[in-house]
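Chain letters run A, B, ... following the sequence lines, proteins first and then strands; every chain starts at 1.
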There are 2 protein chains.
Amino acid sequence: MKQITVYDIAREAKVSVATVSRVLNNTAPVKTSTRNKVAELIQKYQFQPNALARSLLKKETGMIGIVLPDITNPFFPEVLSGLEQEARKQGYTFFLCDTCSSNSDTREQYRRESHYLHLLLEKQVDGIIILGGRIDLVNPTEEMVQELLEVSKRVPVVQVNGRLSGSSMHRVVVNETAGAEQATQHLIHLGHKDIVMIGGFDHMSNTVARVKGFKKAMKENGLSIGADKVIYGGFSVDDGRRLMDELLCRKKRPSAVFCINDLTAIGAMKAAFKAGLRIPEDLSIVGFDDIPFASHSIPELTSVSLKCNELGRTAAEMMHRLIRKEKVKKQITIEPDIRVRDTTGPFRG
Amino acid sequence: MKQITVYDIAREAKVSVATVSRVLNNTAPVKTSTRNKVAELIQKYQFQPNALARSLLKKETGMIGIVLPDITNPFFPEVLSGLEQEARKQGYTFFLCDTCSSNSDTREQYRRESHYLHLLLEKQVDGIIILGGRIDLVNPTEEMVQELLEVSKRVPVVQVNGRLSGSSMHRVVVNETAGAEQATQHLIHLGHKDIVMIGGFDHMSNTVARVKGFKKAMKENGLSIGADKVIYGGFSVDDGRRLMDELLCRKKRPSAVFCINDLTAIGAMKAAFKAGLRIPEDLSIVGFDDIPFASHSIPELTSVSLKCNELGRTAAEMMHRLIRKEKVKKQITIEPDIRVRDTTGPFRG
DNA sequence: TTGAAAGCGCTAACAA
DNA sequence: TTGTTAGCGCTTTCAA
C-alpha cells in the first residue's frame, strides 16, 4: 500500500514534479495536453498530495485548534456548529480538544488545557480558539496567563466569551451583564420584587458579569439586593436542583428565580415541581444561554439567548482575518436577547 | 517570530542535530552533560519540535478524523466524549468534521462527507471514525460504498453504529433491535396493547432495526402490527410533535407511544400536553438514546440507553488497535438497557 | 557517544 | 511552457 507521490505521477507522465505540482495547484500555465495527461494519472491513481509536506513548506496548515471544557454541555456544540459553518467556507479544519471538565478535578483540567495548547502548537495549527476553562477565571494564576500569552505570540488566539488579560489576544464576547439585566428587568416588569439569583461560581467571570447585571437591574428599580439574593453553587442540573431545594427551605420563598444558565434552571424547575409548586403560577423561572433544551422543556423555558451560533461564526471570522493578518478589532461584543416563553408569569400576591 | 528548529538548538549547544533529536526522543544514549546542555536550551527557547516534519518522516500523525452529521444532536457529543477520554490516553488528537445535516439538504450533506473524507486522507490521519450519514442508509448508492471502501484501503476506518457494507471496515454497534424490543416489552408488561411507534425514516438502518425490534415484541405477544402501527417522519422535536398531532387526530388513539429517539419523544410529549393529555396517566411514552435531556425532562423520560460513552470509548479502543495493527474483532456489539422513568405507567382501560 | 548526510513529499525560485 | 534544484524540520542509518 505504498503512498503515491508527485514523483510517481511525474515519471509516468514523463514530466517533472514541478509540472505535476503546477496542475495540482493551478499555480502556473501548463500546456493543455500535458495538463490532461497529468490530470488523468492523478485520477487513475486517486492521487492526493500529502498535506504534511505541503504545510511544512508553506508554513500554513489550514488547521485551527479548539480548546473547550466539556463538549457534553450543550452550549459548546451550538458554538461549534457556528464555528464550523463559517470556517468550512474558508477551508479550515478543526482539532477538537475537550478538557473534560465534567469528569475530573479542576487542577487536572487546567493541566489538560496546557497539554493541548502545546500539542496544538506542535501540530502547527494556524490559530487557536479557546472557550471556557481558564479564560473564565476571575483570578487565574500568573502561569495560566503567561502560558496563554506565550501561545498567542506564536499563533493567533481568539477567546470566546472569556476575558483573560493579555494584550495580544482577541476575543468575541457576549454582553452578559446586559443579558442578566434584561432577564431581571423582565421579571420586575411582571411585578416580581423578591427575586433570587442562583448558580454559578463567584470566582468565574461569567458569573460575576451576570450577577452584576442582576444587581444593577434590581438597584435601578429600588429593590433590595441583600446577601441572600444570590446563591452560588455551580452550573449543572443537579446544582440547580440543590440550590432550589435550599431556597425552598427558607421561611419566605421568592416569587421568581433567575438561574445562571438553562441547566440550573431545569434543575430548579424539577425541585419546584417536586415541592408541589406550579410554574409560572407559583414561581417564575428564567434561564440563561438558550440552549435548544430551553425551548424543548415543558413548560418552555424563558431564557436569555447568547446567540451561540453567531458567537461561533464571529469567532471563526475573526480567526480567519487574524490568520490573513487583516485588520481586526480587539474585541467584538454580541448583544444577547431575552426569549420569553412559558416559565415566567405575572406576580400573584 | 522565526520558528526555532533543531538546528538552532544544535548550533548553540555545539552538537549535531542528531544529538538534539536524541535527547528529544530519548532514542539513544547521550552523555549526561550534553543532554543537560541541550535540555537547557530547549527549555530556554521553549522549543517545540515541528510535528509536521516528524510525521512526514515517520508516517504517523497521531491524528484521528471524526466524521459526524450534526454536533448539535446531543447523541454525538456523548459519544465524542467517550472517544476523547479513551483516545487521549493513547495520545491522539481529533479532527472534528461536522457535515451539518441540520441545515442543508441531504445531497449536500453527503457531498460534504466525501469532501471531509478526502481532506482527512490528505492530512494523513492515522484513522477515521465515522458516525451517521451514509453509514445509516439502508440503500446507499454504489459510489458512497465504493468511496468509503477506497478510504478504508488507505487508513483504518471504524463505523460507529452503522452498517455500510464493505469487508475491510470495522464497526462498533448497539443492538438497536434488542433495545426496541425491550422498550416495547416494557410497555406490554404495563398492560398496553395499542402501541404505536413514531419517527425515523424507513430508508435508514437504525429505524429499520428499531422497527424490527418493535414488531418482534408485538408479534411475540400476539398483538396487532398493522400498517398504522408505525408512522415514519424524522428525528427532531418538531417531527415528534407533528407525528403525535397526526396520531391524536385518529378516532382511537393508542395508549402508548414508542418514539424513534428522545428528541421525537419530547416533541410527542409537547403535543400530548397541548392536547390536554396527562403523561403517563393518559399516555405512556418511551424514547430512545437516553441523551442527558431524557433524565432532565419533566416528567423524566423513560428511554433506552445506547451507552453512548461506552460506544465512544470502544470505538477509540478499536481504532487504536487497528492503527497498531493488533488483532481486532470485525464487529463489537453493545447491548442497550432500558431506563424506566416517569413517562410510562400502567394501562388504564 | 557523536556527527554527516540522506530523505520524508512537496513547492517555488530560477533557468532554460 | 517546462525542468532542475534547493529547501521546509525532522529522524535515522552509517560511520567514526
- Centroid-centroid distance, A:Phe95 to B:Phe94, less than 6.0 Å: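 Ring-ring flag for A:Phe95/B:Phe94: false, centres at least 6.0 Å apart.
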- Any B:Thr19 side-chain nitrogen or oxygen under 4.0 Å from OP1 or OP2 of C:dT1: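 Looking at the OP1 and OP2 atoms of C:dT1, neither is under 4.0 Å from any side-chain N or O of B:Thr19.
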- Item | Short side-chain N/O contact to C:dT1 OP1/OP2 from B:Thr34, under 4.0 Å |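 Result: no.
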Are [X] and [Y] linked by a side-chain donor-acceptor pair shorter than 3.5 Å?
X	Y	value
B:Ser114	B:Glu147	yes
A:Gln331	A:Thr333	yes
A:Ser152	A:Glu150	no

Quick one: [X] [atom1] to [N] [atom2], roughly how many Å, whole number?
X	N	atom1	atom2	answer
B:Arg11	C:dG3	CZ	P	14 Å
B:Lys14	C:dG3	NZ	P	12 Å
B:Asn26	C:dT2	CG	P	13 Å

- Taking five pairs at each end, how big is the angle between the two axes of the helix from C:dT1-D:dA16 to C:dA16-D:dT1, to 10°?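 Nearest ten degrees gives 40° for this helix.
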- Message: Under a 4.0 Å threshold between the charged nitrogen and the carboxylate oxygen, would A:Lys37 count as salt-bridged to A:Glu40?
- Response: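 No, this pair does not count.
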- Message: Taking the basic N atoms (NZ, or NE/NH1/NH2) and the acidic carboxylate oxygens, is any pair closer than 4.0 Å for A:Lys58 and A:Glu60?
- Response: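 Between A:Glu60 and A:Lys58 there is no salt bridge, as every charged N stays at least 4.0 Å from the carboxylate O atoms.
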- Task: Rounded to the nearest 0.5 Å, what's the gap from OG1 on B:Thr19 to CD1 on B:Ile9? Could you check?
- Result: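 Taking OG1 in B:Thr19 and CD1 in B:Ile9, the distance rounds to 13.0 Å.
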- Query: In the 5'-to-3' direction, what one-character label does each nucleotide of nucleotides 7-16 of chain C receive under the scheme B = base within less than 4.0 Å of a protein heavy atom, S = sugar-phosphate only, - = no such atom?
  - Reply: BBBBBB----
- Please work out which of the three classes, parallel, tilted or perpendicular, describes the rings of A:His320 and A:Tyr92, given edges at 30° and 60°.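 Perpendicular.
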